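Keep in mind the model is a prediction, meaning the values are calculated, not measured. We count residues from 1, following the sequence as given.
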Amino acid sequence: MTVAFQPDVAQAKNSSLVGLAALWSPVVDHVLSLVATQVTPAGLSESFSEDAFLPSVAKSVGALLYAGKAAEQHAQFAKVIADS
């Protein structure tokens, strides 16, 4: 999956790399906090070897994001992302 910023937002004259990273940070923090609820350190390497592990985690995290109304919480971020 590729996610890109709107062209006007991505231009160096409008945003620094640090500024773009700052836009991403709350979204990444949110997603990773939910991933952490689905993954346990014990047996993590074994879990990654299972084909269904990542799709299962993605499905669970997606449901949690939807239920938690993440789209509303990150509406400003969504405005600066380009359609893919």
If you draw a 6.0 Å radius around CG in Asp51, do more than 12 non-hydrogen atoms from other residues or ligands fall strictly inside?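 Result for CG/Asp51: open.
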Heavy atoms from other residues, nucleotides or ligands near CD of Glu46 exceed 12 (cutoff 6.0 Å):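 Incorrect, the count does not exceed 12.
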Determine whether Leu23 and Leu32 fall in the same hydrophobic cluster, where Ile, Leu, Val, Met, Phe, Trp and Tyr are linked whenever their side-chain heavy atoms lie under 4.5 Å apart. yes
Any link between Phe48 and Leu34 through a network of hydrophobic side chains (Ile, Leu, Val, Met, Phe, Trp, Tyr) touching at under 4.5 Å? yes
Spell out, as yes or no, whether a donor-acceptor pair under 3.5 Å connects the side chain of Ser25 to the backbone of Ala21. no
Looking at Gln73 and Gly68, would you say the former's side chain and the latter's main chain have a donor-acceptor pair under 3.5 Å? yes
Point-to-point distance, once rounded to the nearest 0.5 Å, from CG of Asp8 to NZ of Lys13: 9.5 Å
Smallest heavy-atom separation, His30 atom then Ala70 atom, equals CE1-CB, 3.8 Å
Return the minimal non-hydrogen interatomic distance between Pro26 and His74, and the atom names on each side.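 Scanning both residues, the minimum pair turns out to be O-CE1, 3.6 Å.
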Would you mind telling me which of Ile81, Val80, Asn14 makes a side-chain contact (heavy atoms from CB on, under 4.5 Å) with Val9?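 With Val9 as partner, side-chain contact (heavy atoms from CB on, under 4.5 Å) holds for just one option, Val80.
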Mind telling me whether Phe5 and Trp24 have parallel, tilted or perpendicular rings, with 30° and 60° as the class edges? perpendicular
